[in-house]
Amino acid sequence: MSIELWFGLITGIIFGALLQLGGVSRFEKQLGAMLLKDMTILKFMLSAIIVGMIGINLLAGLEVVPLSVKGTAIGANLIGGIIFGIGWAIVGYCPGTSLAALGEGRTGAIWAIAGMLTGAAIYAESEPYFANNILSWGKYGKLTLASLLGVSPWIIVLVLTICFIALFAFFEKKKI
């Protein structure tokens, strides 16, 4: 197994454990997030983004792993985001939290996992059609904020980290 796969396995296990420890796999937390009354999930995800930004840039800078940026496709992102949001609102779980909830014994998460797998199968079968339509809308190539602004990725990491920490402080002040 390659080092990239080992890193993926290890970080996946850690992420799953943190999902469970943070309580974000609980339906009440999911509902609170959708109603904008409980920001636990948003804080969890922003924390994961901070760790991911630092980790990816550090590992790429040390040439441990290659930095592989997926091309920007606005149509695919919009349609995928809408489908993801609808699915999350209907079943009360996103893919990661559904698997964590099932691991905790919450059998209702099976419906979320079944929907996720069904959606993936439908997409896989219809991808040739979408490739020439929705997936081709707004293709801009491999863009990053750093490349768009012409700055070091570490400046983006620093600015976003400061913004996210300020957002955390705001949520804590408002007790949400």
Side-chain angles (χ1 to χ4, degrees), residues 1-19 22 24-25 29-30 33-34 36 39-89 93-100 116 119-120 122-124 126-172 176:
M1 187 168 8
S2 70
I3 191 149
E4 289 91 355
L5 290 176
W6 278 109
F7 277 131
L9 176 65
I10 292 166
T11 56
I13 290 169
I14 292 169
F15 186 71
L18 291 173
L19 280 175
V24 297
S25 60
K29 293 288 184 187
Q30 300 287 325
M34 286 184 253
L36 301 176
M39 295 297 143
T40 302
I41 292 174
L42 181 60
K43 291 186 281 188
F44 184 88
M45 290 311 299
L46 292 177
S47 299
I49 291 168
I50 291 170
V51 171
M53 285 189 305
I54 293 169
I56 288 169
N57 282 288
L58 183 62
L59 292 172
L62 295 172
E63 297 181 1
V64 174
V65 297
L67 182 59
S68 179
V69 178
K70 188 171 176 80
T72 302
I74 302 299
N77 290 340
L78 286 175
I79 301 299
I82 289 167
I83 293 169
F84 179 90
I86 290 169
W88 184 21
Y93 293 108
C94 68
T97 58
S98 66
L99 293 169
M116 179 174 52
I122 291 169
Y123 174 77
S126 57
E127 193 274 337
Y129 168 76
F130 290 129
N132 297 322
N133 295 297
I134 295 169
L135 298 181
S136 64
W137 301 344
K139 279 192 151 183
Y140 292 104
K142 296 181 176 193
L143 301 176
T144 65
L145 285 175
S147 68
L148 285 172
L149 298 174
V151 298
S152 164
W154 287 107
I155 292 174
I156 303 299
V157 169
L158 178 64
V159 169
L160 288 177
T161 299
I162 291 168
C163 290
F164 292 171
I165 290 170
L167 195 56
F168 294 157
F170 172 77
F171 291 151
E172 290 302 312
I176 53 174

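Position 1 is the first residue of the sequence; numbering continues from there. Remember, predicted model here, so these are calculated numbers, not experimental data.
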Handout entry: Contacts of Ser98 that satisfy side chain to side chain donor-acceptor pair (under 3.5 Å) - sequence neighbours left out
Key = none
Completion exercise
Applied to residues 43-68, the salt bridge (charged side-chain N to carboxylate O under 4.0 Å, His left out) test, sequence neighbours excluded, yields Lys43-Glu172
Handout entry: Rounded distance [0.5 Å steps], CD1 in Ile49 versus CD1 in Ile56
Key = 10.5 Å
Fill in the blank from the handout: Distance col, row Lys29:NZ vs Leu42:CG, nearest 0.5 angstrom, shows 13.0 Å
Handout entry: Rounded distance (nearest 0.5 Å) linking atom CD1 of Ile41 with atom SG of Cys94
Key = 7.0 Å
Fill in the blank from the handout: Nearest heavy-atom contact between Ala60 and Leu67 is CB-CB, 3.9 Å
Could you list the donor-acceptor pairs under 3.5 angstrom formed between side-chain atoms of residues 2-10 and any protein atom two or more places apart in sequence or on another chain?
| from | atom 1 | to | atom 2 | distance (Å) |
| --- | --- | --- | --- | --- |
| Ser2 | OG | Glu4 | OE1 | 3.4 |
| Ser2 | OG | Leu5 | N | 3.4 |

Problem - Straight-line distance of Trp88 CH2 to Met116 CE, nearest 0.5 Å - result: 14.5 Å
Handout entry: All ring pair (Phe, Tyr, Trp, His ring centres under 6.0 Å) counterparts of Phe15, not counting sequence neighbours
Key = Phe44
Fill in the blank from the handout: Sorted by chain and residue number, the side-chain contact (heavy atoms from CB on, under 4.5 Å) partners of Ile74 (sequence neighbours excluded) come out as Thr72, Leu78, Tyr140
Under 3.5 Å, side-chain donor or acceptor atoms of residues 143-171 against the rest of the protein: list the pairs with distances, not counting sequence neighbours.
| from | atom 1 | to | atom 2 | distance (Å) |
| --- | --- | --- | --- | --- |
| Thr144 | OG1 | Ser147 | N | 2.9 |
| Thr144 | OG1 | Ser147 | OG | 3.1 |
| Ser147 | OG | Thr144 | N | 3.0 |
| Ser147 | OG | Thr144 | O | 3.0 |
| Ser152 | OG | Trp154 | N | 3.1 |
| Thr161 | OG1 | Val157 | O | 2.7 |

Problem - Between CE on residue Met45 and CD1 on residue Ile50, distance to nearest 0.5 Å - result: 11.5 Å
Practice task
Any pair with a residue in residues 71-83 that passes salt bridge (charged side-chain N to carboxylate O under 4.0 Å, His left out), sequence neighbours left out, goes on the list, sorted by first then second residue, please.
Solution key: none
Problem - Residues which pass side-chain contact (heavy atoms from CB on, under 4.5 Å) with Ile82, listed by chain and number, not counting sequence neighbours - result: Ile86
Problem - Which residues share a side-chain contact (heavy atoms from CB on, under 4.5 Å) with Phe130, sequence neighbours left out - result: Tyr123, Ser126, Ile134, Leu135
Handout entry: Pairs where residues 71-86 contributes a residue and the test salt bridge (charged side-chain N to carboxylate O under 4.0 Å, His left out) is met, not counting sequence neighbours
Key = none
